[in-house]
Amino acid sequence: AVITYPSSGGYVAYRYRLDAARRAVELEITGSGQVCECHVLLPEGANGVRAVSEGGAEIPCVDSQVEGSRYADFAVTLPGPRTVRIEPLA
């Protein structure tokens, strides 16, 4: 998906992939800004976040909940592309 801001020429683009067998999420992110603040929906049944990483390096993350849905909240620097792996708690 691509989100554009015509008045400024800014954009953010991402690709979300779910590894159903491992219940992990891979997120590719790029954009025109300096930082992307991410709020990513975790797979159904996840009890929080085990780890968020890029290329094996851990990214600080907080898990949050909105009603019955759990999210991973973290930031990555741009421009990208950046590939982030999110591993939820079972």
Side-chain angles (χ1 to χ4, degrees):
V2 178
I3 302 163
T4 59
Y5 301 93
S7 62
S8 68
Y11 78 97
V12 65
Y14 69 92
R15 181 177 300 147
Y16 177 103
R17 282 189 228 129
L18 175 63
D19 177 346
R22 300 182 84 189
R23 296 185 45 214
V25 173
E26 185 175 281
L27 189 66
E28 291 180 41
I29 310 162
T30 191
S32 58
Q34 295 179 358
V35 175
C36 182
E37 299 283 340
C38 302
H39 180 71
V40 180
L41 179 64
L42 298 174
E44 188 174 342
N47 293 317
V49 179
R50 178 181 310 135
V52 176
S53 61
E54 180 183 23
E58 193 163 327
I59 296 172
C61 175
V62 174
D63 63 74
S64 61
Q65 185 168 345
V66 177
E67 296 185 9
S69 300
R70 300 208 57 124
Y71 295 85
D73 297 326
F74 57 93
V76 294
T77 57
L78 295 176
R82 306 293 299 266
T83 301
V84 175
R85 185 168 180 85
I86 303 164
E87 297 183 38
L89 292 170

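To the nearest 0.5 Å, atoms CG (L89) and CZ (R23) are separated by 9.5 Å. Atom CZ of R50 is separated from atom CD of E87 by 6.0 Å, given to the nearest 0.5 angstrom. Atom CG of L27 and atom SG of C38 lie 6.0 Å apart (nearest 0.5 Å).
Heavy-atom minimum distance, D73 versus S64: OD2-OG, 2.7 Å. The two residues V49 and C61 have their closest heavy-atom pair at CG1-SG, 3.9 Å. Considering all non-hydrogen atoms of both residues, S32 and G10 come closest at OG-CA, 3.1 Å. Nearest approach of V35 to A75, heavy atoms of both residues: CG1-CB, 4.0 Å. Nearest heavy-atom pair, L78 versus G33, reported as atom, atom and distance to 0.1 Å: CB-O, 3.1 Å. Taking every heavy atom of both residues into account, C36 and I29 meet most closely at SG-CG2, 3.9 Å.
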Go through the steps for F74 and I86 under the test side-chain contact (heavy atoms from CB on, under 4.5 Å), then give the verdict. CA-CA 10 Å; F74 57 93; I86 303 164; 3.8 Å; yes
Show your working on side-chain contact (heavy atoms from CB on, under 4.5 Å) between D19 and E26 and close with a plain yes or no. CA-CA 8 Å; D19 177 346; E26 185 175 281; over 6 Å; no
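Side-chain heavy atoms closer than 4.5 Å link hydrophobic residues (I, L, V, M, F, W, Y) into clusters, and following such links, even through other members, never connects L41 to L18. Note: the hydrophobic cluster containing V62 does not contain V40 (ILVMFWY, side chain heavy atoms under 4.5 Å, direct or indirect links).
By the ring pair (Phe, Tyr, Trp, His ring centres under 6.0 Å) test, Y71 pairs with H39, sequence neighbours left out. E54 is linked by a salt bridge (charged side-chain N to carboxylate O under 4.0 Å, His left out) to R82, counting only residues two or more places apart in sequence or in another chain.
Under the 3.5 Å distance criterion, the side-chain polar atoms of Q65 are matched with a main-chain donor or acceptor of E67. With hydrogens and angles disregarded, no donor-acceptor distance shorter than 3.5 Å links the side chain of T30 to the backbone of A13.
Within a 6.0 Å radius of OH in Y5, other residues, nucleotides and ligands contribute 12 heavy atoms or fewer. Summarising the local packing, CZ of R22 is surrounded by 12 or fewer heavy atoms from other residues, nucleotides or ligands at distances under 6.0 Å.
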